[in-house]
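Since the structure comes first, as structure tokens, the remarks are kept for the end.
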Amino acid sequence: MRYTITAALLYANGPAHIGHLAGCYIPADIYARYLRAKNHDVLFVSGSDEHGVPITIRAEKEGLTPQQVVDKYHSIIKKSFEEFGISFDIYSRTSKKVHHTTSSDFFTTLNNKKQLLVQKSEQYFDDIRNKFLQDRYIVGECPKCNNPNAFGDQCEKCGSTLSPSELINPRSALSNATPILKETSHWYLPLQEAEKWLKEWILETHQSDWKTNVYGQCKSWLEQGLQARAVTRDLEWGVPVPLADTDGKVLYVWFEAPIGYISATKDYFEEKNEPVDNYKKYWQDENTKLIHFIGKDNIVFHCIIFPTMLKLHGDFILPTNVPANEFLNLEGNKISTSRNWAVWLHEYLVDFPEKQDVLRYVLTANAPEQKDNDFTWKDFQAKNNNELVATLGNFINRAFVLSEKYTDNKVPQLFDLEQIDKDLLQNLQEIPTKIENSIENYRFKEALNFYMELARIGNKYMQDTAPWQLAKDLEKNKNRIDTILHLSLQLVANLAILGEPFLPFTAKKINQLLNIDAQKWEKAGKIDILTPNHSIQKASLLFAKIEDIEIQKQIDKLENSKKQNELENYTPENIKKEINFDDFSKIDIRIGTIKTAEKVAKTKKLLKLSIDIGIETRTVVSGIAEHFLPENIIGQQVCLIANLAPRAMQGIESQGMILMAEDADGKLKFVAPNEIVKNGVTVK
RNA sequence: GGCGAGGUAGCUCAGAUGGUUAGAGCGUUGGAUUCAUAACCCAAAGGUCACGGGUUCGACUCCCGUCCUCGCUACCA
């Protein structure tokens, strides 16, 4: 069988972290290594996704060109993956020429086949720079809070989501020119036309073999109805649209990025100096299985959009399966690149040298296969000390130490088998099949558990046969000891074969200790891997205990970087333009007391408050529902802007606005007098 | 708000088409052992399977409702 295995293209605007590894790259790697060991034809591809707006923004922030940004992160990411033993056949990147030609050819094919719609719309345009402007590149005064430097998509001061047309006095961030609306054309992928076959393909033919989370998410999308999606946009950083008169237009990243898997495959053959057309075997042959490993945020692209593109193109196979994982949390909180709440791979490699397999083990054992999962350093330590050291490492070590003592570092002969030996062989034969089943069904956690069961069986076998007891009468029991150690060492050899997909570095070390080459999977379950009298190495530990102090260091590091980040991210806002006293005195601020509070139906953030301001009771709708429970704020005194023009929100007229202080972490606090005062008193 | 996924022992998770005393690993407690990084082996304790109804001879497993977590989406700040 031939397999094309893809792991999500990682967006190159930051380094890779444990969430990436756990959600996508480790399962993909286990799968790829396993299939290779089974002698399948496997091509395992991935790469960096290097286009799109966030990278241009990052470039601006860091004072670099977009290319410099992606060069920087691409090399960090690539190196991390290499060091973790992710066995890509190629880790490519979308800024490569091969990708530009592949993705623009793809677009051209769809366009020539009349599979794309063209639609005209009006977009903001900078006359001076002669460029269309992304929302982000239009600045102006925020209509909500009057921040003069709000962006066209969002005001960073008040957090409002905006559209460029709402800005007061909008100007281009590039030239300060006033943006003008100009007509532009864009190409669209008519997803709605694919609905019918997608429903059949996914909902009918993949109900039982796709994971429930993946299937459910697809169902949700398909039942909501699909809409045409723009394939192009006005931007400079990306793959140029390969048509006349399309200067300043590029392919939208979501369209172009997944084609990166195909480009990467071509890149692989180019690098090997083989005919590039070999890629077709992996993408266009019905006998090839295409498997996409991704995180759950990518389900719609890999199950609906990319397959639609492939189908419309016509030459390509569709994915056999898309085993998406859920998310990994870190110490109870979501991993966040921007808030620096993450364990970065390149840092882990420095802090825990030679411990790639430890992280691989922990992330596999704790993989978010069915639901979001939590990574904690304490658990990391426990799994290392109690499982890798105490169970796996210990068994292998016992086998070597005993061989050193009783058989002179040689594989002894096998003599008559007793029942306990036969039981051991039975188990040994069954476990590889169990592991195979689990891996082939993308249940890597379960597979790893079966693997560890074998080590436990080994420990028990040793405990039950107790060769050290027999050694008290060495003359009499020599053959028995030989048999036990022979079997134990064969078991160790099996642990190398079966462990290779999960713990490649350890598997390699075991083979070195045994003085043998890596064995193919078909040898698993057998006891003829080592021949009698074969010399093996002296015992040497495979895993080391991890002490509390190392773990504490990591926890502290996390807390510190979080704190530091909060501090760095907080800069007091600039003082607004000067006003005179008259302006100020126009504002009528009164103290009032919240009498009732209730959540506004169908909203997340709004509370409907009634506030007693002495003279009367006002109804105020306020966006504080995410910060306070209604019942907890009854009786709270607040400052109310009493002469603000009423405004209807969700059908409720809000008669005023209450003043809130926003802390650096975004939490809102009431502004109130330090002692209770009479309702209706003024604030001056 | 709509849709999707999840809520099972202290922790992390399994539990095909409903059926005898609900499972694993780790942790805890007790015992045994010394070849081994106080590791290993044996045993025990621990769960009203989120909550409330219903279907059924029988439900963790099916149906309805409620609550909580996560994601997508909508709306709103």
Side-chain angles (χ1 to χ4, degrees), chain A residues 144-145 154-155 158-162 208 211-225 295-300 324 326-327 329 334 362 365-376 378-379 381-406 438 441 443 445-446 448-450 452-453 455-471 481 484-485 488 539 541-547 600-607 621-627 647 649-652 654 657 660 668:
Chain A
K144 314 251 160 77
C145 75
Q154 192 187 28
C155 170
C158 66
S160 308
T161 304
L162 303 171
S208 56
K211 291 172 66 168
T212 51
N213 57 338
V214 175
Y215 181 86
Q217 190 65 60
C218 291
K219 197 173 161 203
S220 168
W221 276 86
L222 288 170
E223 282 173 1
Q224 275 176 43
K296 67 172 162 184
D297 51 333
N298 250 324
I299 290 174
V300 64
E326 302 285 302
F327 283 156
N329 293 325
K334 270 183 229 182
V362 173
N366 203 14
E369 285 179 0
Q370 327 249 6
K371 59 179 179 186
D372 289 359
N373 251 345
D374 199 24
F375 175 94
T376 64
K378 236 186 94 212
D379 182 59
Q381 180 190 27
K383 285 203 161 63
N384 177 75
N385 293 355
N386 305 328
E387 298 177 33
L388 288 176
V389 173
T391 304
L392 179 61
N394 185 38
F395 169 66
I396 294 169
N397 188 239
R398 293 169 92 180
F400 276 93
V401 168
L402 290 170
S403 299
E404 208 173 312
K405 284 197 171 155
Y406 306 129
S438 298
N441 287 298
R443 294 198 294 256
K445 236 194 250 206
E446 186 180 78
L448 184 64
N449 208 24
F450 285 131
M452 289 303 282
E453 193 179 312
R456 276 180 220 112
I457 287 166
N459 273 320
K460 181 166 169 51
Y461 175 72
M462 225 162 232
Q463 196 67 27
D464 292 346
T465 55
W468 54 91
Q469 293 279 13
L470 299 171
I481 294 175
I484 293 166
L485 291 181
S488 297
L541 297 175
L542 292 169
F543 300 100
K545 282 204 157 194
I546 295 174
E547 302 298 332
V600 179
K602 301 188 185 187
T603 67
K604 243 183 208 168
K605 302 190 177 178
L606 297 186
L607 285 189
V621 178
S622 181
I624 58 172
E626 288 180 323
H627 302 272
R647 181 184 166 140
M649 281 188 268
Q650 285 295 111
I652 303 165
S654 183
M657 186 173 97
M660 304 297 295
L668 298 180

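Note on naming: letters A, B, ... go to the chains in the order of the sequence lines (proteins, then strands), and numbering restarts at 1 for each one.
When rounded to the nearest whole Å, the span between CG of A:N384 and C1' of B:U37 equals 11 Å. Note: CZ (A:F375) to P (B:C26) measures 19 Å, nearest angstrom. Atom CD of A:E547 and atom P of B:U37 are 14 Å apart (whole Å). Remark: P of B:A39 and CE of A:M462 are 18 Å apart, rounded to the nearest angstrom. The nearest whole Å value for the distance from the CG atom in A:N298 to the C1' atom in B:C72 is 13 Å. In this structure, the CD atom of A:Q463 is 9 Å from the P atom of B:U34, given to the nearest Å. Put simply, CD on A:E453 is 17 Å from P on B:A14, counting in whole angstrom units. A straight line from CD1 of A:I396 to C1' of B:A36 spans 12 Å, rounded to a whole angstrom.
Nucleic acid contact for A:K405: sugar-phosphate only, since backbone atoms but no base atoms lie under 4.0 Å from a heavy atom of the residue. Among the atoms of the strands shown, none is found under 4.0 Å from any heavy atom of A:D379. Nucleic acid contact for A:F543: base, since at least one base atom lies under 4.0 Å from a heavy atom of the residue. Among the heavy atoms of the strands lying under 4.0 Å from A:Q370 are primed sugar atoms or P, OP1, OP2 only; no base atom is included. A:V401 comes within 4.0 angstrom of the backbone, heavy atoms only, and of no base. Across all strands shown, A:K296 has heavy atoms under 4.0 Å from sugar-phosphate atoms exclusively, and none from any base. In this structure, A:E387 reaches the sugar-phosphate backbone alone: every heavy-atom distance under 4.0 Å involves primed, P, OP1 or OP2 atoms, never a base. A:R443 comes within contact range of no nucleotide atom at all, as no heavy-atom separation falls under 4.0 Å. Nucleic acid contact for A:E369: none, since no nucleic acid atom lies under 4.0 Å from a heavy atom of the residue. Among the atoms of the strands shown, none is found under 4.0 Å from any heavy atom of A:K383.
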Base-pair string, RNA chain B, Watson-Crick plus G-U, cut-off 3.5 Å on both distances, | for inter-strand, is (((((((..((((.....[...)))).((((.........)))).....(((((..]....))))))))))))....
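If you take atom P in B:G71 and the same atom in B:U29, they sit 38 Å apart, rounded to whole Å. The gap from the C1' atom of B:U55 to that of B:C62 amounts to 8 Å, rounded to the nearest Å. Look at the C1' atom in both B:A22 and B:A38: the space between them is 34 Å, to the nearest Å. Here the separation of B:G23 from B:A9, taken at their P atoms, is 14 Å to the nearest Å. Straight-line distance between the P atoms of B:U61 and B:A50: roughly 8 Å, to the nearest whole Å. One C1' atom belongs to B:A45, the other to B:A59, and the distance between them is 27 Å to the nearest Å. Taking the C1' atoms as reference points, B:A74 lies 15 Å from B:G4, given to the whole Å. Here, B:A5 and B:G15 have their P atoms 15 Å apart, quoted to the whole Å.
At distances below 3.5 Å, not a single donor-acceptor pair connects side-chain atoms of A:Q217 with backbone N or O atoms of A:K296. With A:N384 contributing its side chain and A:A544 its backbone, the two residues share a donor-acceptor pair below 3.5 Å. Judged by distance alone, the side chain of A:K445 and the main-chain N or O of A:A367 form a donor-acceptor pair under 3.5 Å. Between the side chain of A:S220 and the backbone N or O of A:G216, no donor-acceptor pair lies under 3.5 Å. The backbone N or O of A:A324 lies less than 3.5 Å from a partner atom in the side chain of A:K211, making a donor-acceptor pair. The backbone N or O of A:I546 lies less than 3.5 Å from a partner atom in the side chain of A:N385, making a donor-acceptor pair. Looking only at distances, no side-chain donor or acceptor of A:N329 sits under 3.5 Å from a matching main-chain atom of A:D372. In this structure, the side chain of A:N397 does not engage the main chain of A:G393 through any donor-acceptor pair within 3.5 Å. Under a 3.5 Å cut-off, the side chain of A:N366 and the backbone N or O of A:D374 do form a donor-acceptor pair.
Of all heavy-atom pairs spanning A:F450 and A:S438, the tightest one is CE1-OG, 3.4 Å.
Each of A:F327 and A:L541 was assigned the nucleotide of RNA chain B with the nearest heavy atom; the assignment lying further toward the 5' end belongs to A:L541. Judged by closest nucleotide on RNA chain B, A:P368 is the one of A:N385 and A:P368 placed further toward the 5' end.
Listed nucleotides B:C72, B:U8, B:U34 differ in distance to A:Q217; the shortest reach to its side chain belongs to B:C72. For A:E446, the side-chain atoms get nearest to B:A14 when compared with the rest of B:A14, B:U33, B:C41. With B:G4, B:U37, B:C41 as the candidates, the nucleotide lying closest to the side chain of A:V389 is B:U37. Looking at the side chain of A:K371, the nearest of the listed nucleotides B:G7, B:C26, B:U12 is B:G7. Nearest nucleotide to the A:L402 side chain, out of B:G7, B:U33, B:C35: B:C35. Distance from the side chain of A:T212 is smallest for B:A5 among the nucleotides B:G27, B:A5, B:A39.
Annotated as anti: B:A38, whose O4'-C1'-N torsion sits more than 90° from 0. B:G46: glycosidic angle within 90° of 0, hence syn.
Checking the phosphate oxygens (OP1, OP2) of B:A39, a side-chain nitrogen or oxygen of A:K545 falls inside 4.0 Å.
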